[in-house]
Amino acid sequence: MPERPDSAAVTDVHGRPLGQLRLSVTDRCNLRCRYCMPEQNYEWLPHDDLLRYEEIADLVSIFTEAGVRKVRLTGGEPLLRRDLERLVRLLAANTRIEDIAMTTNGILLADSARRLRDAGLGRVTVSLDTLHPERFLELTRQDLHARVLEGIRAARDAGFPPLKLDMVLIRGVNDDEILPMLDFARELGAELRFIEYMDVGGATHWSGAEVVSRQEILERVASHHGSVEPIPGQGSAPAQRFALADGSTFGIIASVTAPFCRDCDRSRLTADGQWYLCLYAARGIDLRGPLRRGARREEIARVIAAEWSARMDRGAEERRATRSRGPLIAIEALRQDPHLEMHTRGG
Ligand code: SAM
Ligand code: SF4
Ligand code: SF4
């Protein structure tokens with residue numbers, strides 16, 4: 001059974017508590033990663049629809065009354081949202097929240113790491129798919145690899161607990177960097193997490209042949225390092241963790257070949273206040289509407305409790321059972337509803 005962060009937490013049909021909330025604070029991004037935003041043009045959320053920081057904090061406080069204890073800022077690129085530390089301060093004032101984290105591409109981190117830490121940000125995960133600047137340019141369409149490395153160093157020096165580095169593996173693109181990235185993370189004192197390339201929203205060029213599976217990652221690591229021991233106690237965390245003989249650790253997020261929906265206590269709030277109960281959900285629940293119409297907190301709390309209690313989603317497990325698997329959503333559908341994009345609902 002999933003961990004229960006709070007006895008008062010609302011649970012869904014499968015007994016999974018409402019525990020973690022990912023806040024996508026913007027759908028915009030300063031990179032164009034080929035597995036997330038491969039197209040030339042995108043439809044952006046209308047500016048007036050974006051929740052103000054006070055509105056986000058209000059909604060989060062209702063979520064925390066329903067059981068949420070962990071909040072992660074994401075996007076798009078969260079650091080593109082101006083004065084993000086102001087949101088962090090508002091969230092840090094909510095004493096029910098035990099953990100405020102952020103996932104970022106790191107480009108703007110060098111300038112903001114210390115301010116965010118001082119404001120109360122607890123942990124940082126930086127996405128880094130390669131150690132080669134020219135490959136970074138191919139993968140992201142921006143020549144900004146050095147800025148990311150600078151951001152990573154700044155976050156380490158700002159006094160955060162050990163960083164996490166997330167690396168999406170794509171066969172033939174960066175799967176020759178499994179071992180070098182492990183060395184890089186160990187030297188930095190960070191924990192690397194390999195992510196299987198997923199067929200989510202924006203991944204319009206996804207193919208199963210490009211996925212490097214957990215099994216294969218483990219075999220390649222073991223062929224060099226010898227013993228690779230699983231670390232028990234994954235709980236509701238997406239990554240399964242492993243230890244090497246030298247004591248260093250790493251994780252694998254096997255959303256494609258070994259999904260972890262059974263223990264999933266995560267939901268997502270988009271920058272314009274749509275609440276998604278699963279990364280793969282086709283539709284979200286509009287919370288901005290009631291908030292801006294002046295609905296009472298209890299009314300919004302009732303919507304949240306009712307929707308979560310009826311939640312049955314097991315998106316990644318259902319996808320695994322699909323026979324001929326290709327990109328999840330056709331490009332025409334993505335253009336009509338940007339909420340289907342990974343960069344809109346947050347990874
Ligand atoms: N822009 C920030 C970043 O890249 O860290 C935060 C948002 S991004 C959508 C969050 C995470 O989703 C990143 O770690 C990214 O690598 C991951 N992601 C995006 N598309 C993916 C895909 N098709 N398969 C696996 N992970 C993906
Ligand atoms: Fe890359 Fe994150 Fe931007 Fe997507 S949102 S294009 S993963 S940096
Ligand atoms: Fe949770 Fe949906 Fe992801 Fe499964 S696919 S782990 S239910 S968000």
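Atoms within a ligand are numbered from 1 in the order they appear, just like the ligands themselves. Note: hydrogens, waters and symmetry copies are ignored here, and every other heavy atom, side chains too, is used. Numbering of residues begins at 1 and proceeds along the displayed sequence.
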Open item on the list: Students should be able to answer this: which protein heavy-atom is nearest to atom 11 (C) of ligand 1, and at what distance?
Closed with: Gly347 CA, 4.1 Å

- [ ] Tell me which part of Glu317 gets within contact of ligand 3: side chain, backbone, both or neither, using heavy atoms under 4.0 Å.
- [x] neither

Open item on the list: Is there a polar contact between ligand 1 and Gly76, counting only N or O atoms under 3.5 Å apart?
Closed with: yes

Task: Distance, nearest 0.5 Å, that separates CE of Met181 from CG of Asp176 - done: 11.5 Å

Task: Salt-bridge criterion met for Arg115 and Asp118 (N-O under 4.0 Å) - done: no

Open item on the list: If we set the cut-off at 4.0 Å for heavy atoms, which region of Arg268 has an atom near ligand 3: side chain, backbone, both, or neither?
Closed with: side chain

Open item on the list: Need the ligand 1 atom indices (1-based, order shown) with element for anything under 4.0 Å from a heavy-atom of Thr74.
Closed with: 6 (C), 7 (C)

TODO: Note the single closest protein heavy atom to atom 5 (S) of ligand 3, along with its residue, its atom name and the distance in Å.
DONE: Ala316 N, 3.0 Å

Open item on the list: Suppose we measure from atom 6 (S) of ligand 2 to each protein heavy atom; which comes out shortest, and what is that distance?
Closed with: Cys33 N, 3.4 Å

Open item on the list: Checking a contact table here: which protein heavy atom is nearest atom 4 (Fe) of ligand 2, and how many Å away?
Closed with: Cys36 SG, 2.4 Å

Open item on the list: With the threshold set at under 4.0 angstrom, would you say Met167 reaches ligand 1 through any of its heavy atoms?
Closed with: no

Donor-acceptor pairs under 3.5 Å, side chain of residues 337-347 to any protein atom, not counting sequence neighbours: which ones?
unit_1 : atom_1 : unit_2 : atom_2 : d
Asp337 : OD1    : His339 : N      : 2.9
Asp337 : OD1    : His339 : ND1    : 2.9
His339 : NE2    : Asp272 : OD1    : 3.2
His339 : NE2    : Asp272 : OD2    : 2.7
Thr344 : OG1    : Pro338 : O      : 2.8
Arg345 : NE     : His339 : O      : 2.9
Arg345 : NH1    : Leu279 : O      : 2.6
Arg345 : NH1    : Ala281 : O      : 2.8
Arg345 : NH2    : Ala281 : O      : 2.9
Arg345 : NH2    : His339 : O      : 3.0

TODO: Just need the protein heavy atom nearest to atom 24 (N) of ligand 1, so name the residue and atom and give the distance.
DONE: Met198 N, 2.9 Å

Open item on the list: Between Thr64 (side chain only) and Val68 (backbone N and O only), is there a donor and an acceptor less than 3.5 Å apart?
Closed with: no

Open item on the list: If the cut-off is 4.0 Å to any non-hydrogen atom of Ile195, which atoms of ligand 1 fall inside it?
Closed with: 25 (C), 26 (N)

Open item on the list: Please list, in number order, the atoms of ligand 3 under 4.0 Å from a heavy atom of Phe260.
Closed with: 6 (S)

Task: Nearest-0.5 Å distance, CZ of residue Arg320 to OG1 of residue Thr257 - done: 8.0 Å

- [ ] Mark up the atoms of ligand 1 that fall under 4.0 Å of a heavy atom belonging to Asn105, in ascending order.
- [x] 2 (C), 3 (C), 5 (O)

Open item on the list: For a quick check under 3.5 Å, do Glu77 and Thr26 share a side-chain donor-acceptor pair by atom type?
Closed with: no

Task: Residue part near ligand 1, for Thr104, under 4.0 Å between non-hydrogen atoms - done: backbone

- [ ] Among all protein heavy atoms, pick out the one at the shortest distance from atom 18 (N) of ligand 1; state its residue, atom name and that distance to 0.1 Å.
- [x] Met342 CE, 3.6 Å

Task: Under 3.5 Å: N/O of Glu77 near N/O of ligand 1 - done: yes

TODO: Show which atoms of ligand 3 fall inside a sub-4.0 Å distance from at least one heavy-atom site of Cys261.
DONE: 4 (Fe), 5 (S), 6 (S), 7 (S)

- [ ] Examine distances only and state if a side-chain atom of Asp175 and a backbone atom of Gly172 form a donor-acceptor pair shorter than 3.5 Å.
- [x] yes

Open item on the list: My understanding is that we take every heavy atom of each candidate and find the minimum distance to atom 8 (S) of ligand 1. Doing that for Cys33, Ser24, Gly75, which one comes out nearest?
Closed with: Gly75

Task: Any N or O of Pro78 closer than 3.5 Å to N or O of ligand 1 - done: no

Task: Residue and atom name of the nearest protein heavy atom (relative to atom 1 (Fe) of ligand 3), distance in Å to one decimal - done: Cys264 SG, 2.3 Å

- [ ] Within a distance under 4.0 Å of any heavy atom of Arg266, pick out the atoms of ligand 3 and give their elements.
- [x] 6 (S)

TODO: Considering heavy atoms of the protein only, find what lies nearest to atom 7 (S) of ligand 3 and give residue, atom and distance to 0.1 Å.
DONE: Asp313 O, 3.6 Å

TODO: Anything under 30° is parallel, anything over 60° is perpendicular, the rest tilted; go ahead and classify Phe250 against Phe242.
DONE: parallel

Open item on the list: Checking a contact table here: which protein heavy atom is nearest atom 3 (Fe) of ligand 3, and how many Å away?
Closed with: Leu279 CB, 4.3 Å

- [ ] Looking only at protein heavy atoms, identify the closest one to atom 2 (Fe) of ligand 2 and say how far it is in Å.
- [x] Cys29 SG, 4.4 Å

Task: Atoms in ligand 2 with a heavy atom of Asn105 nearer than 4.0 Å - done: 8 (S)

Open item on the list: Tell me if a side-chain donor or acceptor on Glu85 pairs with a main-chain N or O of Val88 at a distance below 3.5 Å.
Closed with: no

Task: Presence of N, O or S from Cys278 under 2.8 Å of atom 2 (Fe) of ligand 3 - done: yes

- [ ] For ligand 1, note which part of Val168 has a heavy atom under 4.0 Å away: side chain, backbone, both or neither.
- [x] side chain

Task: Protein residue, atom and distance nearest to atom 5 (O) of ligand 1, heavy-atom basis - done: Ser127 OG, 2.5 Å

TODO: State whether the side chain of Glu318 and the backbone N or O of Gly315 hold a donor-acceptor pair below 3.5 Å, judged by distance alone.
DONE: no

TODO: Please confirm whether Tyr35 comes within less than 3.5 Å of ligand 1 when only nitrogen or oxygen atoms on both sides are compared.
DONE: yes

Open item on the list: Could you work out, with salt bridge (Lys or Arg N to Asp or Glu O under 4.0 Å) as the rule, every residue matching Arg22, not counting sequence neighbours?
Closed with: none

Open item on the list: Within ligand 2, which atoms have a heavy atom of Met37 less than 4.0 Å away?
Closed with: 6 (S)

